[in-house]
K.L.:
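Structure in structure tokens, see below.
In what follows, every chain begins at residue 1, and chains take the letters A, B, ... in the order their sequences are listed. These figures come from a predicted structure and were not determined experimentally.
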Amino acid sequence: MLRSGKRELIELYKTLLKEYGEQNWWPADEEYHRVHGTDPREEVVIGAILTQNTNWKNVEKALENLKREKILSFEGIRNVSSYKLAELIKPAGFYRQKAKYLKNFVTVYPSIGELEKTTRDELLKVKGVGKETADVILLYALNRLSFVIDAYTKRLLFRLMGIQGDYETLKSFFENNLPKDLKVYKEFHALIDEHCKRLCKKKPLCETCFLKERCRFFNNLL
DNA sequence: GCCCAGGGCACTG
DNA sequence: CAGTGCCATGGG
């Protein structure tokens, strides 16, 4: 079990929120779904699979292609051929693999209604849905209190606080030390990613970082 | 040309 | 259970 870090974690959240503002993840095109009578939560799920190890900008191109074809929904994915789907999502990379994952997902879960009844364990059985994707779906599409861990989160937690661990360990660390608040879960994950994209990159920009005074990495404590 | 990005799976030791 | 190879595009 990791040491308690309630105050430290909350302070980090507040600092990031003040610095970067609300991120409002996960983005969905509400207008598109209003016009086409589809559910924006299905776009969240589709985006979650498309963004696996991929730049969000590339995912946006793929989502635009799906919108152009009016198939940005579970039903739309189900009714398009695997070949055409793969071509449409090509900008997101790993496109043949992701086309299979999407096709499989909408077979297991015909609609958001079916998905609402699922559990984390059930999601993890679906081929193409690992821990992070499952937690993204649970948190951002289904509004469940399930904290998302990704490569950025692992990197920031290690550099800043010297905390290491596998996925479930880090997930528990956040969930045990944060208030059970959907907004906090959603924003905190998004803010961590934003911070790592801007400053805490693989080659970190420590000199310009507003967290350096409290960072173990910067202070050579790792 | 190189490196990286909002991972996951299959296989190996 | 840790390590490795593979999947692939687009931007810096």
K.L.:
Whole Å only: how far is the NZ atom of A:K203 from the P atom of B:dC3?
P.N.:
11 Å

K.L.:
Would you call the rings of A:F74 and A:F105 parallel, tilted or perpendicular, where under 30° means parallel and over 60° means perpendicular?
P.N.:
perpendicular

K.L.:
If a protein heavy atom is under 4.0 Å from the base, mark B; if only from the sugar-phosphate, S; if neither, -; do that for nucleotides 7-13 of chain B going 5' to 3'.
P.N.:
BSSS---

K.L.:
With a 3.5 angstrom cut-off on both distances, give the Watson-Crick or G-U wobble partner of B:dG8, or none if there isn't one.
P.N.:
C:dC6

K.L.:
Would you indicate whether A:E122, at its atom CD, is surrounded by more than 12 heavy atoms from other residues, nucleotides or ligands within a distance under 6.0 Å?
P.N.:
yes

K.L.:
Of the nucleotides B:dA5, C:dG11, C:dT9, which has the atom closest to the A:K202 side chain?
P.N.:
B:dA5

K.L.:
Which label fits A:H189 and A:Y140: parallel for a plane angle under 30°, tilted from 30 to 60°, or perpendicular past 60°?
P.N.:
tilted

K.L.:
Rounded to whole Å, please give me the gap between NZ in A:K154 and P in C:dA2.
P.N.:
11 Å

K.L.:
For a quick test of reading the model: is some side-chain N or O of A:K98 closer than 4.0 Å to OP1 or OP2 of C:dA8?
P.N.:
no

K.L.:
With the 4.5 Å side-chain cut-off for hydrophobic clustering, are A:F174 and A:L211 part of the same group?
P.N.:
yes

K.L.:
Taking 4.0 Å as the cut-off, does a side-chain nitrogen or oxygen of A:R96 come that near to OP1 or OP2 on C:dC7?
P.N.:
no

K.L.:
Is A:R41 paired with A:E116 through a side-chain N to carboxylate O contact shorter than 4.0 Å?
P.N.:
yes

K.L.:
Could you check how far CG of A:L50 sits from C1' of C:dC7, rounded to whole Å?
P.N.:
14 Å

K.L.:
Rounding to an integer number of angstrom, what distance separates C:dA8 and B:dA10 when you compare their P atoms?
P.N.:
14 Å

K.L.:
Could you tell me how far apart A:K197 (NZ) and C:dG11 (C1') are, to the nearest whole angstrom?
P.N.:
13 Å

K.L.:
Go nucleotide by nucleotide along DNA chain C from the 5' end; which of A:G93 and A:D166 gets its closest nucleotide reached first?
P.N.:
A:D166

K.L.:
Rounding to an integer number of Å, can you tell me how far A:L63 CG sits from C:dG10 P?
P.N.:
14 Å

K.L.:
Figure out the CD1/P separation between A:I89 and C:dT9, and round it to whole Å.
P.N.:
11 Å

K.L.:
C:dG11 C1' sits how many Å from A:W56 CH2, rounded?
P.N.:
17 Å

K.L.:
Atom SG of A:C196 and atom CG of A:L156: how far apart are they, to the nearest 0.5 Å?
P.N.:
4.5 Å

K.L.:
Using every non-hydrogen atom in the two residues, find where A:E187 and A:G21 come nearest and quote the distance to one decimal.
P.N.:
OE1-O, 4.3 Å

